[in-house]
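These notes are about the structure you will find just below.
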Amino acid sequence: AQSVTQPDIHITVSEGASLELRCNYSYGATPYLFWYVQSPGQGLQLLLKYFSGDTLVQGIKGFEAEFKRSQSSFNLRKPSVHWSDAAEYFCAVGSNDYKLSFGAGTTVTVRA
Amino acid sequence: NAGVTQTPKFQVLKTGQSMTLQCAQDMNHEYMSWYRQDPGMGLRLIHYSVGAGITDQGEVPNGYNVSRSTTEDFPLRLLSAAPSQTSVYFCASSNSGTEQFFGPGTRLTVL
């Protein structure tokens with residue numbers, strides 16, 4: 001069975017500081033991996049995805065993630081956060097695009 | 001393109017009532033899915049469909065029915081609502097190799 005763990009429930013970061021969100025997954029084969037962002041009261045927006053190939057993936061809004069098979073991880077990073085990055089972030093894993101398992105989410109607060 | 005649309009946005013039901021959450025997409029996507037989102041639990045897959053006439057159960061299917069008579073529509077039916085079904089429901093669609101596009105959600109409260 002596939003599963004995702006996001007160890008950090010809540011992270012607070014200063015505006016302009018770097019951000020790293022952790023994601024560990026359990027999956028038997030090569031997974032499809034995703035990071036989504038959800039602003040309050042909104043739906044989910046895809047930040048980036050990994051299917052195969054280069055293990056460093058670039059996404060929208062200046063985010064990137066690195067797939068590390070040996071550590072079963074897919075951590076999300078941003079070098080310098082903006083106040084608009086305050087949101088909830090979800091990591092997801094699946095064997096395809098339509099049957100995903102999501103982590104519990106990490107809420108990011110950005111302080112001025 | 002409207003993308004993925006969901007109706008209603010909000011709904012309050014009494015225990016035992018039935019209702020249908022509507023989901024439609026205009027992107028000609030093959031795959032459609034229903035998730036529920038609960039605090040601290042992320043999104044959990046309820047049912048999914050890989051094409052018209054084909055549906056299957058996800059992680060938490062009990063208490064919900066789906067059908068897919070057209071490519072565009074994928075309604076979710078609650079047969080007899082229970083307080084445990086209070087949640088935010090998201091519909092999503094995709095094609096193979098693409099991202100899942102999520103609708104804006106339906107916030108359901110069961111009293």
Side-chain angles (χ1 to χ4, degrees), chain A residues 1-10 21-27 30-53 57-61 63 65 74 87-107, chain B residues 2-7 9-10 21 23-25 27 29-52 54-61 66 68 71 74 87-107:
Chain A
Q2 58 199 38
S3 66
V4 175
T5 301
Q6 293 182 246
D8 304 303
I9 296 173
H10 191 198
L21 304 182
R22 295 183 290 164
C23 172
N24 294 100
Y25 68 88
S26 173
Y27 189 73
T30 301
Y32 285 25
L33 292 160
F34 306 81
W35 274 101
Y36 285 87
V37 61
Q38 184 181 35
S39 298
Q42 303 296 312
L44 278 74
Q45 180 183 23
L46 181 72
L47 287 175
L48 47 78
K49 62 188 178 187
Y50 172 78
F51 287 172
S52 64
V57 181
Q58 301 297 322
I60 63 171
K61 304 185 180 188
F63 285 93
F74 188 58
E88 191 162 19
Y89 293 79
F90 294 95
C91 182
V93 65
S95 58
N96 46 49
D97 321 274
Y98 54 86
K99 195 176 171 189
L100 300 182
S101 293
F102 284 79
T106 298
T107 300
Chain B
V4 180
T5 58
Q6 292 183 238
T7 56
K9 285 187 167 49
F10 302 94
L21 307 185
C23 174
Q25 53 93 5
M27 297 174 281
H29 284 167
E30 290 180 86
Y31 309 132
M32 297 187 75
S33 307
W34 275 103
Y35 296 86
R36 60 177 288 174
Q37 183 179 26
D38 302 291
M41 303 189 74
L43 278 76
R44 292 179 293 167
L45 182 65
I46 304 171
H47 285 286
Y48 65 97
S49 169
V50 299
I54 307 170
T55 64
D56 206 347
Q57 296 180 350
E59 182 185 353
V60 288
V66 292
R68 182 106 178 263
T71 300
F74 191 43
S87 188
V88 181
Y89 291 85
F90 289 99
C91 178
S93 75
S94 65
N95 270 343
S96 179
T98 71
E99 64 176 276
Q100 278 200 328
F101 292 85
F102 283 82
T106 294
R107 187 174 294 274

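Convention: sequence-line order gives letters A, B, ...; per-chain numbering from 1.
To the nearest 0.5 Å, atom CD of residue Glu59(B) and atom NZ of residue Lys99(A) are 10.5 Å apart. Considering OG of Ser94(B) and CG of Leu100(A), their distance stands at 8.0 Å, rounded to 0.5 Å.
Val50(B) touches chain A through its side chain: at least one heavy atom from C-beta onward sits under 4.5 Å away, while N, CA, C and O do not. Only the side chain of Gln38(A) comes within less than 4.5 Å of a heavy atom in chain B; its backbone stays farther off. Gln37(B) touches chain A through its side chain: at least one heavy atom from C-beta onward sits under 4.5 Å away, while N, CA, C and O do not.
Evaluation of the salt bridge (Lys or Arg N to Asp or Glu O under 4.0 Å) test over residues 41-52 of chain B, restricted to residues two or more places apart or in two chains, returns Asp38(B)-Arg44(B).
Closest approach of Gln42(A) and Phe90(B) over heavy atoms only: O-CZ, 3.9 Å. Ala104(A) approaches Gly40(B) most closely through the heavy-atom pair CB-O, 3.3 Å.
Crowding of Ile60(A) atom CD1: a count of heavy atoms from other residues, nucleotides or ligands under 6.0 Å exceeding 12.
Here the rule is ring pair (Phe, Tyr, Trp, His ring centres under 6.0 Å) with Phe102(B), and of Tyr36(A), Phe90(A), Phe34(A) only Tyr36(A) fits it.
Note on Asp56(B), Leu43(B), Val88(B): by heavy-atom pairs under 4.5 Å with chain A, the leading option is Leu43(B).
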